[in-house]
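A short worksheet on the structure shown next.
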Amino acid sequence: MLVHTDYLWFNTKQRQAFIRIIDEVAAIVKTSEVTDGTVLVSAIPIASGVYVNDWEDGLISDFQAWLEKLAPSGRDYQHHRTGEDNADAHLKRTIMGHPVVVPITGRHARSRTVGADLLPGVRRATEETRRHQGDGHPGI
Amino acid sequence: MLVHTDYLWFNTKQRQAFIRIIDEVAAIVKTSEVTDGTVLVSAIPIASGVYVNDWEDGLISDFQAWLEKLAPSGRDYQHHRTGEDNADAHLKRTIMGHPVVVPITGRHARSRTVGADLLPGVRRATEETRRHQGDGHPGI
Amino acid sequence: MLVHTDYLWFNTKQRQAFIRIIDEVAAIVKTSEVTDGTVLVSAIPIASGVYVNDWEDGLISDFQAWLEKLAPSGRDYQHHRTGEDNADAHLKRTIMGHPVVVPITGRHARSRTVGADLLPGVRRATEETRRHQGDGHPGI
């Protein structure tokens, strides 16, 4: 079985950031030479998540407002007794999801470019965004 | 590595619909001749999701009421400035989950039927339902 | 392709329990001799879930309070007309997530121990906890 592993590193300045990683992931898939299989995108540290959705400013704002409502910051969480202050980030990323698995299929591939290796629908599905929260550790 | 890809298409008439796809997925697994591995079930378009749970009418009603409470429709979402009106569907499917990965194991297989290839527990776990929301695009 | 399947069984006495399974999963990975690939951790019965996060008492308390707020028990759920009383557990595990897929990579492996086969970050990511809820069925 062909397995290819690679890493993306991000440093964020804000407490919460959304990062679009679809192009980076597609480039890694191309390098891997996998034409039929899956991509697993997993985020570290643990208060970050990975999800698949439209990369649209309004929708990202909606996600931010919604996450703040469902898992508010600034509360007296038990987790903060450890000295951490990001319990809400742990909850928010639980909502958004953590590991993402996306299909790769070359069945319809023509030009052997990544774009062609992915079906139109799948290409859309791989519009991964990445949400990195919390303590400023570099993460993938 | 044996990789098998197939597609299911659905047209829904309602804004929100739950569709039971376990039998279709099991049939695809059987066709694939994969006896040990995983099934990845991924939904497109992006406002649809896939999840694993009991196919029970009361529970589905509970999910619908709960999703409407956590991610209400009819609000003034930023995403709607693009002309779309389904921001709530994006949020709802985030709660429900998107890609589902289910184990296939033939370790206990006897008759080589799909039923036997899947352990009893796993068979139950593959009672996939599929939630398609939003703009009426055909989806898989 | 090397595929290895194993099972963990738990009996819980409480209606809701969090169980740490990282060591068990890491031992299974070691036994499998898979050095590059993925681990799929899937929970049965259906009202149980699997998630990846810090194993910290305060955070687990936060999760419990938060889940009770988002998906309260003791309500008149439609699902209860079947005789079951755990609709809230179905909702809670939907929030927490169900199947978890974690990367295994031996790229940096030195000593062939599990610890070395997993990168430091990945090792942290595999700090799986397991939430078993509901009707007391043994589950994996």
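The figures that follow rest on heavy atoms only: side chains count, while hydrogens, waters and symmetry mates do not. Letters A, B, ... are given to chains in the order of the sequence lines, protein chains preceding strands, and every chain is numbered from 1.
In this structure, the separation between NE2 on B/His79 and CG on A/Asp57 is 11.5 Å, given to the nearest 0.5 Å. Distance check: A/Phe63 CZ to B/Gln78 CD gives 13.5 Å after rounding to the nearest 0.5 Å. One finds the CG atom of A/Leu59 at 7.0 Å from the CG atom of B/Leu91 (value rounded to the nearest 0.5 Å). The OG1 atom of B/Thr94 sits 5.0 Å away from atom CH2 of A/Trp66, with the distance rounded to the nearest 0.5 Å.
The parts of A/Ile95 that come within reach of chain B are both its backbone and its side chain, each placing non-hydrogen atoms under 4.5 angstrom from that chain.
Summarising the geometry of B/Ile46 relative to A/Val52, their closest heavy-atom pair is CD1-CG1, 3.4 Å, with the distance given to 0.1 Å.
Residue pairs satisfying the salt bridge (charged side-chain N to carboxylate O under 4.0 Å, His left out) criterion with at least one member in residues 59-71 of chain A, sequence neighbours excluded, are listed as follows: A/Glu68-A/Lys92.
Remark: A/Asp85 pairs with A/Arg15 by the salt bridge (Lys or Arg N to Asp or Glu O under 4.0 Å) rule, at least two apart or across chains.
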